[in-house]
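Report on the following structure.
Just so we're clear, the structure is a prediction, and the values are computed from it rather than from any experiment.
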Amino acid sequence: LAVELDDTDFFSDEELFLQIYRILKEEYRVTKLSELSKAQVLDVAYKLHFDYRSSNQQIVRLLKLSIFEVNNLLPTR
């Protein structure tokens with residue numbers, strides 16, 4: 001979705017939260033982030049970063065991961 005947008009367009013935390021919920025329901029068939037394994041949560045982080053252009057700080061806030069985990073998984077912007 002964001003990939004189709006101009007490079008200057010970013011999602012708010014609220015908009016990303018809705019996308020996380022959609023990903024959980026459609027791809028993992030769960031409704032809570034706590035129902036995912038660590039590997040699955042990291043996969044969601046990867047999708048948020050590359051498909052929705054989320055910053056590492058947004059991912060840390062929304063997925064409750066450490067900044068160390070996110071920075072090791074994803075290039076910083």
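Of the residues Leu36, Leu65, Leu63, the one that meets the side-chain contact (heavy atoms from CB on, under 4.5 Å) test with Leu42 is Leu65.
Leu18 is not connected to Ile20 by any chain of hydrophobic side-chain contacts under 4.5 Å among Ile, Leu, Val, Met, Phe, Trp and Tyr, and they are in different clusters.
The heavy-atom pair separating Phe11 from Gln58 by the smallest distance is O-NE2, 2.9 Å. Between Glu15 and Phe10, the closest heavy-atom pair is OE1-O, 4.2 Å.
A distance-only check finds no donor-acceptor pair linking the side chain of Ser54 to the backbone of Ile59 [under 3.5 Å]. Counting only distance, with no hydrogens or angles, the side chain of Asp43 and the backbone of Ala39 share no donor-acceptor pair below 3.5 Å. At least one donor-acceptor pair closer than 3.5 Å links the side chain of Arg29 to the backbone N or O of Glu26. Counting only distance, with no hydrogens or angles, the side chain of Glu27 and the backbone of Leu24 share no donor-acceptor pair below 3.5 Å.
Between Gln40 and Glu35, every side-chain heavy-atom pair lies at or beyond the 4.5 Å cut-off. Here the side chains of Ile67 and Gln57 are in contact, with some heavy-atom distance below 4.5 Å. The shortest distance between side-chain heavy atoms of Phe50 and Leu74 falls below 4.5 Å.
Taken from CG in Leu62 to CD in Glu14, the straight-line distance is 8.5 Å, to the nearest 0.5 Å. Considering OH of Tyr52 and CG of Leu16, their distance stands at 8.5 Å, rounded to 0.5 Å. Remark: His49 NE2 to Asn56 CG distance equals 6.0 Å, nearest 0.5 Å. Rounded to the nearest 0.5 Å, atoms OG (Ser55) and CG (Asp13) are 8.0 Å apart.
Taking the six-membered ring for Trp and the full ring otherwise, Tyr21 and Phe17 have centroids separated by 6.0 Å or more.
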Verdict with supporting geometry, Val44 and Tyr28, side chain to side chain contact (heavy atoms under 4.5 Å, CB included): CA-CA 10 Å; Val44 172; Tyr28 298 102; 3.7 Å; yes
Residue pair Val30, Lys25: steps toward the side chain to side chain contact (heavy atoms under 4.5 Å, CB included) verdict: CA-CA 5 Å; Val30 299; Lys25 282 185 72 174; over 6 Å; no
